[in-house]
Amino acid sequence: MTVPIDSQMYELQVPTLSLPRHVGIIMDGNGRWAKKRNRPRVFGHKNGVDAVRQVVKSSGEWGIPALTLYAFSDENWQRPRDEVGVIMSLLESYILKEKEELNRNNVRLRVIGELDRLNPRIREILTDAVSDLSSNTGLILTLALSYGGRSEITRAVRMIAKRIEDGNLSSKDITNQLISDHLDTSGLPDPDLIIRTSGEQRLSNFLLWQSAYAELYFTDVLWPDFSKEEFSRAIVYFGTRERRFGRTSDQLSKSRNLQSETSTVEC
Ligand code: FPP
């Protein structure tokens, strides 16, 4: 029997393990989930929306500050027109139906990607929802739509080049931070944990710059089956990782000891 994991149990049992500040999810496997049931691919996308609801709720319960969902990539525009249409209408109905619930749960909404490519009606619905939820202070839910990491970096480089052309910036001012500040995710912490469902083990152009130090968690579970419990497994996995950021284990434990000594002195 597998032991159920949830955020409250975790808090009681392992209160010292760290939580990710930002989780990114590549929601994959909707088509295969539907195929296994002899249903059209869009049936998988429809059921994928329930999994979206569950991870959003669960992120709030865990107290995770930011969650980014890869809902539609640059490349997804090449899918059959009908399928693109269904994904877009699912997005639309998700926002319209869930806005109140997101508000009750104190969720802020952000959207990243080449939004100009979305149909004006969906853009308007998204813009309204972003504005209506903007004063919330809980989870920051970011939807990556018509998003690709490379095109995001290209757009950032263009903005920086323009500022140099206009004489407002010097090439010497270009730092990692400056580049981060020109990405769509500006202001968000880098993702500490990237989850990909369905057994594929690649980033597929998702948050390429931002995930430089992210822990990667791959599961064979197909997206529509990705429950709160599966999400909790990924969070617990993250808590067991030692994040060295290029340093050695010894250096880390010394700096941890130093931190706890300092905090004892401060008390
Ligand atoms: C990948 O599975 C999934 C997508 C490209 C679409 C994801 C969209 C949703 C879950 C619904 C709407 C989203 C929100 C945020 C409400 P796939 O189709 O590539 O699966 P396959 O690899 O098995 O074919």
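The chain is numbered in sequence order, starting from 1. We count ligands from 1, going down the list as the structure has it; atoms in each ligand are counted the same way.
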Test your reading of the structure: does Trp33 have an N or O sitting under 3.5 Å from an N or O of ligand 1? no
List every atom of ligand 1 that sits less than 4.0 Å from any heavy atom of Asn76, numbering the atoms from 1 in the order shown and giving each element. 5 (C)
Under-4.0 Å heavy-atom contact with ligand 1, by part of Arg79 that carries it: side chain
Evaluate Arg163 against Asp166 for salt bridge (Lys or Arg N to Asp or Glu O under 4.0 Å), listing each step before the verdict. CA-CA 5 Å; Arg163 289 183 63 191; Asp166 293 348; over 6 Å; no
Output yes when a side-chain donor or acceptor of Thr127 lies under 3.5 Å from a complementary backbone atom of Arg123, and no otherwise. yes
For atom 14 (C) of ligand 1, find the nearest protein heavy atom and state the residue, atom name and distance (0.1 Å precision). Leu91 CD2, 3.9 Å
Distance-only N or O hit between ligand 1 and Trp223, under 3.5 Å: no
Quick check for you: to the nearest 0.5 Å, what is the distance between Leu188 atom CG and Leu67 atom CG? 10.5 Å
Enumerated ligand 1 atoms positioned under 4.0 Å from heavy atoms of Arg41: 17 (P), 18 (O), 24 (O)
Which residue and non-hydrogen atom of the protein lie closest to atom 7 (C) of ligand 1, and at what distance in Å? Ala71 O, 3.5 Å
The protein heavy atom nearest to atom 9 (C) of ligand 1 is Asn30 ND2, 4.0 Å
Backbone of Val86 reached by a side-chain donor or acceptor of Ser89 within 3.5 Å: yes
What's the separation between atom CH2 in Trp209 and atom OG in Ser180, rounded to the nearest 0.5 Å? 5.5 Å
After noting the C-alpha distance and the side-chain angles of Glu124 and Arg121, does the key distance pass the salt bridge (Lys or Arg N to Asp or Glu O under 4.0 Å) rule? CA-CA 5 Å; Glu124 195 184 320; Arg121 188 183 140 72; over 6 Å; no
Any side-chain donor paired with an acceptor under 3.5 Å for Ser146 and Trp77? yes
Would you mind checking if Lys99 and Asp128 are paired as a salt bridge, meaning a charged N to carboxylate O distance below 4.0 Å? no
Distance in Å, Tyr217 OH paired with Thr197 OG1, rounded so as to fall on 0.5 Å steps: 11.0 Å
State the atoms of ligand 1, each with its element, that fall below the 4.0 Å cut-off from a heavy-atom position in Met27. 1 (C), 2 (O), 3 (C)
Say whether, by atom type as modelled, one donor and one acceptor occur between the side chain of Arg41 and the main chain of Glu83 under 3.5 angstrom. no
When you measure from the centre of the six-membered ring of Trp33, is the NZ or CZ of Arg37 closer than 6.0 Å and no more than 45° off the axis? yes
Ligand 1 and Tyr70, any nitrogen or oxygen pair closer than 3.5 angstrom? no
As a check for students: among Val55, Val49, Leu141, identify the option with a heavy atom nearest to atom 11 (C) of ligand 1. Val49
Closest to atom 4 (C) of ligand 1 among protein heavy atoms sits His45 CE1, 3.9 Å
Ligand-residue contact atoms, ligand 1 with Arg32, heavy atoms, under 4.0 Å: 21 (P), 22 (O), 23 (O)
Ligand 1 contacted by Asp28 (non-hydrogen, < 4.0 Å): yes
Side chain, backbone, both or neither: the part of Leu222 lying under 4.0 Å from ligand 1 by heavy atom: neither
Taking a cutoff of less than 4.0 Å between a non-hydrogen atom of the residue and any ligand atom, is Ser198 in contact with ligand 1? no
Looking only at distances, can you tell me whether any N or O atom of Gly31, backbone or side chain, sits closer than 3.5 Å to an N or O atom of ligand 1? yes
